[in-house]
Number of protein chains: 2
Amino acid sequence: MREALTAAASRRVTRPAPLRQAVYDALAELIISGSLTPGQHLVEAELAEHLGVSRQPVREALQRLQTAGWVDLRPAQGAFVHSPTEDEAAQLLGVRAVLETYSAQLAAQNAEPEDVERLWELQQDGVEALAEGDVKRLVAANTALHDFITSVAGNAVLAELIGQVGQKVRWYYTPIAKPRGKEAWNEHSRLIEAIAKGDADRAGEIMRSHTERTTDFYRRQLPAGTSQD
Amino acid sequence: MREALTAAASRRVTRPAPLRQAVYDALAELIISGSLTPGQHLVEAELAEHLGVSRQPVREALQRLQTAGWVDLRPAQGAFVHSPTEDEAAQLLGVRAVLETYSAQLAAQNAEPEDVERLWELQQDGVEALAEGDVKRLVAANTALHDFITSVAGNAVLAELIGQVGQKVRWYYTPIAKPRGKEAWNEHSRLIEAIAKGDADRAGEIMRSHTERTTDFYRRQLPAGTSQD
DNA sequence: CGATTGAGTTCTGTATACAGAAGCCTGTAT
DNA sequence: ATACAGGCTTCTGTATACAGAACTCAATCG
């Protein structure tokens, strides 16, 4: 009984909901959605007024945004929305590939039958979205599938890094990238089969080529010649 | 002339040295060195007084420390030094292995002759430290070698992640881990040879087994049976 | 007419002040 | 003696105030 209470206490019903967190989420959303353009100067007072809070929570949120790589904090000049270079985008894709590969390997080692079942459900969801041409749902299904594989992998550190890197990749390629089509979901299908068999090497290899194809797919859509900056 | 001045201006002589950065470094140092033990409650006012600043820069530093995973910020309760579980430590080692492997592959692809030369110098340094039994120098040489490989890899995103993960790994295993001996430096030697040849697959494979041996080496030194928490 | 220097303005960096919540200790009642 | 309740203390969360640095723009000099 006592342990039950202790466990219950660890999940408080009401979160005090710190303002800095709300501010962080709001700013991240503004950056990812493109409302704040790369290189833009973020004036603390303006943000504070716009969000209806004081400068203090804004500053704390900016600190976290810097560590997460969303803004650059120049001393005595304030915060600027991070401007990713093409180099950085390419590097992000490379890192994501190895992390996702590892994720697939672990998932294959740890997957329980019910996990595999859930994977097939998610796969089915994506295939349906593809057939209906529902782009938004297709993107969501793709994210859901990859996220679930990561959760099956059971490595929280890995999940955290994949989340960070993936968000940045999505941000950078959102303006130009359309989701990949039928081919990608065929690859998913083979991937799930490998995970179901517990074949870590094969799952990793499939994920590796899968993310590399996605990388090529993105790169091919890049606008040519913004290489000056 | 004008360009020369512009270039010179980009490297300011005196950095305004924001306090929050100094505070961040100081606190990180205190945590890594063990002066602040895991789970310990960090009272802002105490830290501020101890460092001779106000609470404001302390709070900003704590935000960054949280995002970097060094402290946990509980709402309305303040900051606590992060307590890594054994699971987390194991996960860190796994992630580090794949990142280092990727790093070695890239390094093999990009290495110039002068890079290889520098690698052999660092290798030599480590071998000498090993022969002299200079533990501190040995650890430094090992870090320097791995860091240089990462820099040759030329992926800043990767370097950032390896840095973060590596620091955490070192922190967690510092109390118990002694550096590996001759075997590790033989592996380094074969690794450099592969990089010199530009053989990415082989370099990656050597790095993979190298980090896995290190992982096993660490795990074997773990105190048995703290598995209850 | 162009470059440069200076004052004025704006914004950041830091400190201080205050309100609210969480934890602790004490006192009382059973 | 123990358990509970209430007040008290401490700490966090947020807001405001002030000093200093950086940028801007205009006026002056070459």
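Letters go in sequence order (proteins before strands), and every chain restarts at 1. Just so you know, these numbers come straight off a predicted model, no measurement behind them.
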Query - Distance in angstrom units between E60(A) CD and dG13(C) P, rounded - result: 14 Å

Query raised in the report: For L47(B) and dT10(D), what is the distance between atoms CG and C1' respectively, to the nearest whole Å?
Result: 15 Å

Query raised in the report: More 5' along DNA chain D: V43(B) or Q56(B), using each one's nearest nucleotide?
Result: V43(B)

Requested in this report: Could you tell me the separation between the CG atom of L62(A) and the C1' atom of dT14(D), rounded to a whole number of Å?
Outcome: 16 Å

Report task. For R20(A), answer base if it contacts any base atom (sugar-phosphate contacts may also be present), sugar-phosphate if it contacts only those atoms, and nothing otherwise; contact means non-hydrogen atoms under 4.0 Å. Result -> sugar-phosphate

**Report entry** Comparing S54(A) and L42(B) on DNA chain D - which has the more 5′ nearest nucleotide
**Finding:** L42(B)

Report task. Taking only the side-chain heavy atoms of R55(A) (C-beta and beyond), determine which of dT14(D), dA22(D), dA17(D) contains the nearest atom. Result -> dA17(D)

**Report entry** Side chain of L19(A) - closest among dA22(C), dA15(C), dA15(D)
**Finding:** dA15(D)

Query raised in the report: Between dT14(C) atom C1' and Q63(A) atom CD, what is the distance in whole Å?
Result: 13 Å

Requested in this report: Any chance you could measure L106(B), atom CG, to N110(B), atom CG, to the nearest 0.5 Å?
Outcome: 6.0 Å

Query raised in the report: So, E88(A) and H82(A): side-chain donor and acceptor under 3.5 Å apart, yes or no?
Result: yes

Requested in this report: Please check the phosphate of dA21(C) (OP1 and OP2 only) for any side-chain N or O of Q77(B) closer than 4.0 Å.
Outcome: no

**Report entry** Interatomic distance where CD belongs to E44(B) and C1' belongs to dT10(D) [whole Å]
**Finding:** 12 Å

Query raised in the report: Could you state the CZ-C1' distance from F80(A) to dA22(D), rounded to the nearest angstrom?
Result: 11 Å

Report task. Among the candidates dG13(D), dG13(C), dT12(C), find the nucleotide nearest to the side-chain atoms of H41(A). Result -> dT12(C)

Query - Atom pair distance, as rounded to whole Å: CZ in R59(A) and P in dT12(C) - result: 8 Å

Report task. Check the pair R59(A) / Q56(B) against side chain to side chain contact (heavy atoms under 4.5 Å, CB included), numbers first and verdict last. Result -> CA-CA 10 Å; R59(A) 284 181 66 84; Q56(B) 174 89 1; 3.6 Å; yes

Query raised in the report: Less than 4.0 Å between a side-chain N and a carboxylate O, is that true for E212(A) and R208(A)?
Result: yes

Report task. Give a yes or no answer on whether the side chain of H188(A) reaches the backbone of H146(A) with a donor-acceptor pair at less than 3.5 Å. Result -> no

Requested in this report: Would you kindly give the CD-to-P distance between E46(B) and dT10(D), to the nearest whole Å?
Outcome: 12 Å

